[in-house]
Amino acid sequence: FAHFSLKNCASSVTLALLDAANDRDPVVQEQVRKSILTLGNQQPDKVLSMCQDYLLKHPKVSQRVSIKIYYHSKIKSVIQLASDEMTKSKEVVPEWQQAASNILVAVGNKYINDIMEEILGKFQPGVLPHFFVVQTLANLSDSNVYGMVPFLNAIMGTMLPMLGMTKQDNMKWVFSSALCRFSESILEYLANLDKAPDPTVRKDTFSSEIYSAYDILFNSWIQSRESKLRLTVAEALGSMSHLMAHDKLEEQLPKLLPTILGLYKKNSEHYIITKSLCQVLEASVNMGSRVLETQIDGLLLALHQQICSPVDFSNPPTVKNHNEVLRCFTILANTFPDRLMVFVLQRLENSNERNRMGSLAVLRHLINSSTSIMETKKLLILASIRQPLADHSNKVKKRVVQVISAMAHHGYLELEGGDLLVRFIIQHCALPDTYHRPPDPEEVTNEALRSMCDNTLHLFTTTVGRLTDVLWPMLLCYLTPNQYASATTPLCKSLILLANKKRAAQEASFIIDFNAQGSLLSADLKHLLHFLQVNAAFPFRCRGHGAPSLSLLNALSPNIHPKAEPLWENEIPKLLSYLEVFECKFYIISWVLSFFLSFFLSFFLSLSQSFLYRCIGVILQQCYNKELVRKQLQEILISTRHNDAIERTGVAMGIGLCASSHLNGTLEKLEEFGKSDAFRKASGIFGLLKDKNDVDVEKMKSTLILCYGYVALHAPEDQLLTRIDSDILQNISKNFNTKVKHIVTPLYILWFKSIIVVQKYSSITVVLVRFCRQRYSKLCLCIFQHIESWLSSGQDHERERAVKTTAELLQFYLDNLSVKNLVTFHNLGALVGRLAPRCTDPNPEVRRAAIDCIYRLMYIQLRYEGFSLDYKDDSVEGLLDVREKLSNPDHSVLYKTCSELTKIISKRLPQQQLSTLLFMLFDGLVDSQSNCSRASSVILNTLLKNRGAGLQDLVPEMLEVLHNRLQVIGEEQVKVAIGQSILILATQHLQTVVNTLVMTCALREMMLNGQSADAVAYVFPKLFSSLLVRLGSSVGVQLPKDLNNICVSLCCVFRVAVEALRILLGRAQLDAVVKPLDQEGAWDKMKDPQQHTTGVTLLSRAMAKHAGPRLPAIVEGLCPSLCNIYECQRITVTAFFSELLNHHVVTELMILDMLMNNMMERITDTCGTVRMLAVRGLGNIAVGSPEKVNKYAKELLAAMSSGMEEKDDPGKLITLEAMSGMLLENSVLASMGFLLLYGFTQRSIVMFCQENDEIRCASIMLLGNLSKFGSGEPVFKDQIHNVLVSLLLHLSDPNPQVVKACKYSMRICAPIVGSEQISAMFQNHLLEEKGLHYGEFINDLTKYLTGFSFLMSFFLSSGLVMLLQDPDPLVRVKAAEAMGHFH
């Protein structure tokens, strides 16, 4: 290496880069080009010479990368070389010859004279030139306009005779293409004469040559059968037309235009044809052609046919063609505006949909592009556009919307008839959804058209300033008509913007005179207000019109009332914020709407009216004028449509709200209304002519009764008690009969809610009972269903009132019960099931009242059985003693007493009522009061013991319900009781229970029983081992799809196994194990097949930390499963053992050898996951029992070596575990022989290029660790030198952990590099947590490396050059980038 020099270094680098210039990856190609350019700028002679030599030595190599190095002393040799390479073969070899041509074009941008000297030497008169000579001239004229145009006259003079000699289509194509480029260059030159080197150049300088070339192309070549040639000739003719003499072009137009139009039929690609036609039309119009008018009809027909063609926006040529056609129409519009406008507007009435769409596209374009010409056509266009407004096609309507948008920007909508266009947009903002998706992919759905119209209306408001006075206040007229209801949201948004704009500008027109003579908005203010209020009541209907309606009200406030503005500005934003938080909850906004002035509208839908009545009630609630309140109540009651249930309810709610502030006045008005003539039935012959009939009167009574119900609900508590009997119930009684039964249920709900929530309820209860006595004794039991929900309320006073009310009603029912025949009391089981758990309620009043209820229920049952009213049953009378015992709050006394109560119930309860009672008690297991849920379990188990033998048919259903209840029960004592319930059933119906429960489920339920704790502790290791294996077997198990949902819920295999394992750990008092598993989501991980081993690892870790003494027996119980044929079981057990080896407890318990041997056996397992876990476990020994590593060094090295050489390892997970294990076992590394160390180093280096980030990271870290123990060996130093380049490249790895690993290893390897400067640089700059500027670091390192020839040799020949062949494109890019620094 002593003779190594920088010169040789540059040669090696350049040669390697030239070899890589043909890389398949374009990013690598670009980086190679940049690096060669960097080296060429530093050593131009050397690099240019090498490039030239390389091309000469590799004549068949395809070069796709042009090497752009400009250095004048060598430029001619490069030009000569490229020219020779381009023309060496007479055959056309596109890839190679194109590369050479590109070099000439690139050089020609700076050295045009030298290039032309070389090229023109091969472009001689009378001899057909090489294809790429002509192509190079064409490209030069395109890339260097100012340099080439001075040569073009001479070039075309030489070229013209060649055109007649040309027979091959490819040469015709290249000449046509060249003429096109020459013409375009000349036109660009003439258009920028101020920048041109020769400003005296004129168009007629080239006219003669251009026409001669035109003659050959038009009369001969354009008739070719080859479509590609025809299109190129057409393109050339278009460009050449601008350079032809005016008289010649005028002469040729009658033939040229039809010929170009005829090409449309011969070619499927139309863009080039249209582009050429556009250029010819432009040239003709510019010279003032008179012949063009004779061709106008054919032109318009052809262009219209093109504009009607569908546009595929995924196909750029069709889009370009469409735009060029529109340009043609613009050119013709400037010359023939009247004829063009008549042509376009006539076709708006065409029966063909595409014709109408095409005409609208042209019309839109002309409105936008030819503003001055269209100015005089505005009224004509406004009149003609009415026809497409009525079109039924959504595709046509979409084009109409686009035309209207264009018209809006150019002042059309301000003219007469513009309002029709605005209405069209609003109508289509209200389109309904498309319920059947159209099969045509081009079809425009209602949703798409509606969204487009929404955006257009918004555009009118925000960007077309001239429309502000047109749209304000006109848009308000469209808010209230029903046909525009779905357009409310966009209308409101636009009106808000308009209002805010005018308000901010303090324009007088902001204030609207709704009563002005002739105003469109006359008398609409009330309607508008009510409409917006109703929208606010149902804010999420009609595309969420609530919030915009409220915001519009706020914006309109100065137009409504002076006092509304400050109030609404304060309140409406609050309401809007509520709407954002509480979706779909109408009731939360009613209080805010109290500040709205509401009026009744007879034409509103009943649902909307219902809300308005509530609004009125809220307003009257705030009103202090009693006379006004009475007047409004009278108006409401008279004008109500009593036969509409929704409206009737709204009226009652409104009057109830009013009563909260005006109870006396409201009751007086209701009583007055009940006595009015409206309630008198029509009679006699004249009655036939009256509006009222019996049904109407009964509906009015229903309204009146409902009003009293809501009055009772909302009336102040202190006033209600004195009025409910004399004013409310008495008046209800007058109107209560069989025809108003439909009102009973809602009325009861209101009453009971009043009874429960009022603090002093006794009077109401008495009145209610008296009312039932007077009217409907059979309804008493029906009432119970409305009280039921309050029995388990979280509020003590609500439960107390509910139970006491029930007791009163049951007593009344018992007192008035008359049984003529023996019948069954069907409700007994349900009522006892609901009331019995309340006998242990925390509230003593509730407990006593509950016993009273059961006492009365038992006697009701006896009455149904035929016993007399004065009969006394000893067992039932025993309930009175139970009642006294329930005064003791001690839990043990309560539950004992509860058991006695159950025995009494069991004795008196008919068998057919037992099942109902049991299932009601199942609901009681989840009662909000823990005392009551426990009582439910006590009663349940007592009943099962006494009466369960006859329930065999119900066992499966009961087990299912109990299982479901276990999912939601939080009370541990209740869970244990449920386990006891299952045990009781099992003793009575063993076979049925066994058939119902799967083994694991049964084991889980058994362990729930508190009596099983001792047995569980005794067999804990066996149970744990069995359940762990069972859990592993359950991962991913799916039940058959034909099972119903109940079975799936009952028998979810994995969930049952997990629950059983959790219960086992709890029974074994291992809560310290369960807690971290819950915190880290271990159970969910175990369920997921992808994370199962992670979850088992967490379980093993927790057991090692908190259940050490139990592990030997558990390990012994799990070992047999390692040889099981099922992979899932082997995976679970291996994962568990693997983690145990991570903890020192296995050494202390002397089970390390057993685990070690099992892991070594699993190294050869057929399952890759098991092998990976085994390797992981062996690596864990270094952490769990480091003092034992040397003892097992031989085995560990063999296992890690096997893991790193694993072939059947698609994801390289086994390799990763092996390398990770080696990172932990430094003592093993220290004991390695040189050959082993060398081998491991080689294997780690191979892993540097893996896609897996973790593998790259581990392999690089391992190299650093290995270098600690191999630094003294020369061969090991060579390895480090070879891999240094790869480490440098990985310093810019996208993964930050890999970068840190690189920094670590390079610092460890630094002393081996052999340079103190480089070593110091690595130690100072490559710190894991410190940032690194990669480019600067490489530059500095390169300066040091150039001083060490032997390092440079390794770095280049064995490093960067080798990495240019790396399979990873990123590595190749970085290698090429690094090589660019060696100069």
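Small disclaimer: the values here were computed from a predicted structure and weren't measured.
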For the residue pair [X] and [Y], what are the closest heavy atoms and their distance?
| X | Y | result |
| --- | --- | --- |
| Val464 | Ala408 | CG1-O, 3.3 Å |
| Pro481 | Cys477 | CD-O, 3.2 Å |
| Leu457 | Thr461 | O-OG1, 2.9 Å |

With salt bridge (Lys or Arg N to Asp or Glu O under 4.0 Å) as the test, would you mind laying out the steps for Lys501 and Glu507 before giving the verdict? CA-CA 9 Å; Lys501 187 188 299 185; Glu507 294 185 22; over 6 Å; no
Could Asp433 and Arg450 be called an ion pair, given the rule that one side-chain N must be under 4.0 Å from one carboxylate O? yes
Is Glu565 paired with Arg503 through a side-chain N to carboxylate O contact shorter than 4.0 Å? yes
Could you check if a side-chain atom of [X] sits within less than 4.5 angstrom of a side-chain atom of [Y], using non-hydrogen atoms only?
| X | Y | answer |
| --- | --- | --- |
| Cys453 | Val401 | yes |
| Cys492 | Leu495 | no |
| Tyr710 | Leu657 | no |
| Ile512 | Leu476 | yes |
| Leu637 | Ile655 | yes |
| Pro548 | Thr488 | no |
| Arg399 | Arg364 | no |
| Ile560 | Trp568 | yes |

Judged by modelled atom types alone, do His545 and Thr489 share a side-chain donor-acceptor pair under 3.5 Å? no
Determine whether the side chains of Ser494 and His458 contain a donor N or O and an acceptor N or O closer than 3.5 Å. no
Give a yes or no answer on whether the side chain of [X] reaches the backbone of [Y] with a donor-acceptor pair at less than 3.5 Å.
| X | Y | answer |
| --- | --- | --- |
| Asn394 | Val444 | yes |
| Gln387 | Glu349 | no |
| Ser577 | Lys574 | yes |
| Ser676 | Phe673 | yes |
| Ser660 | His714 | no |
| Arg543 | Ser486 | yes |
| Ser661 | Cys658 | no |

Is the Lys NZ or Arg CZ of Arg347 less than 6.0 Å from the centre of Phe343's six-membered ring, within 45° of the axis? yes
Donor-acceptor pairs under 3.5 angstrom involving side-chain atoms of residues 351-362: please list them, not counting sequence neighbours.
unit_1 : atom_1 : unit_2 : atom_2 : d
Asn352 : OD1    : Arg354 : N      : 2.9
Asn352 : OD1    : Asn355 : N      : 3.1
Glu353 : OE1    : Lys395 : NZ     : 3.3
Glu353 : OE2    : Ser393 : OG     : 2.6
Arg354 : NH2    : Glu442 : OE1    : 2.6
Asn355 : ND2    : Asn350 : OD1    : 3.2
Arg356 : NE     : Asp391 : OD2    : 2.6
Arg356 : NH1    : Asn350 : O      : 3.1
Arg356 : NH1    : Ser351 : O      : 3.0
Arg356 : NH2    : Asp391 : OD1    : 3.3
Arg356 : NH2    : Asp391 : OD2    : 3.2
Ser359 : OG     : His304 : NE2    : 2.8
Ser359 : OG     : Asn355 : O      : 3.0

Inter-residue atom distance [X].[atom1] - [Y].[atom2], 0.5 Å rounding:
| X | Y | atom1 | atom2 | result |
| --- | --- | --- | --- | --- |
| Ile646 | Arg641 | CD1 | CZ | 10.0 Å |
| His662 | Leu667 | NE2 | CG | 13.0 Å |
| Ile373 | Leu366 | CD1 | CG | 8.5 Å |
| Met452 | Leu431 | CE | CG | 12.5 Å |

Could you walk me through whether Leu467 and Val470 pass the side chain to side chain contact (heavy atoms under 4.5 Å, CB included) test, one step at a time? CA-CA 5 Å; Leu467 284 182; Val470 175; 4.2 Å; yes
So salt bridge (charged side-chain N to carboxylate O under 4.0 Å, His left out) across residues 469-494, not counting sequence neighbours, yields Asp469-Lys502
Distance-only criterion, 3.5 Å: show the donor-acceptor pairs between side-chain atoms of residues 412-430 and protein atoms not counting sequence neighbours.
unit_1 : atom_1 : unit_2 : atom_2 : d
Glu414 : OE2    : Arg466 : NE     : 2.7
His428 : ND1    : Phe424 : O      : 2.8
His428 : NE2    : Lys397 : NZ     : 3.3

Can you pull the ring-ring contact (aromatic ring centres under 6.0 Å, His included) pairs that have at least one residue in residues 488-511, sequence neighbours excluded? Trp472-Phe510
Give the intermediate values and the outcome of side-chain hydrogen bond (donor to acceptor under 3.5 Å, both in side chains) for residues Ser702 and His642. CA-CA 8 Å; Ser702 298; His642 298 278; over 6 Å; no
Please tabulate, one pair per line, all N/O donor-acceptor pairs under 3.5 Å involving side-chain atoms of residues 378-385, not counting sequence neighbours.
unit_1 : atom_1 : unit_2 : atom_2 : d
Lys378 : NZ     : Glu375 : OE2    : 3.2
Lys378 : NZ     : His410 : O      : 2.8
Ser384 : OG     : Leu380 : O      : 2.9

Aromatic plane relationship, Tyr484 with Tyr478 - under 30° parallel, 30 to 60° tilted, over 60° perpendicular: perpendicular
List the steps and the verdict of side chain to side chain contact (heavy atoms under 4.5 Å, CB included) for Met341 and Leu363. CA-CA 8 Å; Met341 191 54 55; Leu363 183 59; 4.3 Å; yes
Please output the side-chain donor-acceptor pairs of residues 550-558 that fall under 3.5 Å, not counting sequence neighbours, one pair per line with the distance.
unit_1 : atom_1 : unit_2 : atom_2 : d
Ser551 : OG     : Ala547 : O      : 3.1
Ser557 : OG     : Asn554 : O      : 2.9

